[in-house]
Amino acid sequence: MPYVNIKITNEGVTSEQKKQLIEGATNLLKDVLGKNPQTTVVVIDEVETDNWGIGGEQVTDRRKRGQ
């Protein structure tokens with residue numbers, strides 16, 4: 001049973017976009033590795049930008065500067 005964990009910042013991702021991520025990840029495993037879509041698990045974790053760091057700083061601060 002394949003398990004995919006997608007982590008994204010919680011910046012307004014819609015339900016439709018999440019559906020597309022789940023379908024896309026499932027199809028990728030099916031197409032590339034021949035995995036059964038019926039047993040593929042996809043979990044999306046939304047992370048606060050204060051809890052996500054890039055280059056030693058919080059994403060919150062990077063967003064304030066437009067990065």
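Heavy atoms from other residues, nucleotides or ligands lying under 6.0 Å from CD of Glu11 number more than 12. For Glu48, the CD atom is loosely surrounded, since the number of other residues' heavy atoms within 6.0 Å does not exceed 12.
Annotation: the span from Lys35 atom NZ to Leu29 atom CG amounts to 8.0 Å, rounded to 0.5 Å. With values rounded to the nearest 0.5 angstrom, Trp52 atom CH2 is found 12.5 Å from Arg62 atom CZ. We find the CG-NZ distance between Asn51 and Lys7 to be 11.0 Å, quoted to the nearest 0.5 Å. One finds the CD1 atom of Ile22 at 12.0 Å from the CG atom of Asn27 (value rounded to the nearest 0.5 Å).
Between Glu23 and Lys18, none of the side-chain N atoms (NZ, or NE/NH1/NH2) sits under 4.0 Å from a carboxylate O, so this pair counts as no salt bridge. Salt bridge annotation for Glu57-Arg65: present, with a cationic side-chain nitrogen under 4.0 angstrom from a carboxylate oxygen.
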Practice task
Could you walk me through whether Asn10 and Val47 pass side chain to side chain contact (heavy atoms under 4.5 Å, CB included), step by step?
Solution key: CA-CA 5 Å; Asn10 65 338; Val47 180; over 6 Å; no

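Here the shortest heavy-atom pairing between Gln17 and Gly12 reads OE1-O, 4.0 Å.
Residues Leu28 and Val41 fall into different hydrophobic clusters, defined by Ile, Leu, Val, Met, Phe, Trp and Tyr side chains chained together at heavy-atom separations under 4.5 Å. Neither Val42 nor Met1 shares a network with the other; the hydrophobic side chains, linked directly or stepwise wherever heavy atoms of I, L, V, M, F, W or Y lie under 4.5 Å apart, form separate groups for each. A single hydrophobic cluster is not seen to contain both Ile54 and Ile6; linkage of ILVMFWY side chains at heavy-atom distances under 4.5 Å, directly or through other members, places them apart.
Ile44 has its side chain within reach of Ile8: a pair of non-hydrogen atoms, C-beta onward, lies under 4.5 Å apart.
Judged by distance alone, with hydrogens and angles left aside, the side-chain atoms of Thr9 form no donor-acceptor pair with the main-chain N or O of Thr49 at under 3.5 Å.
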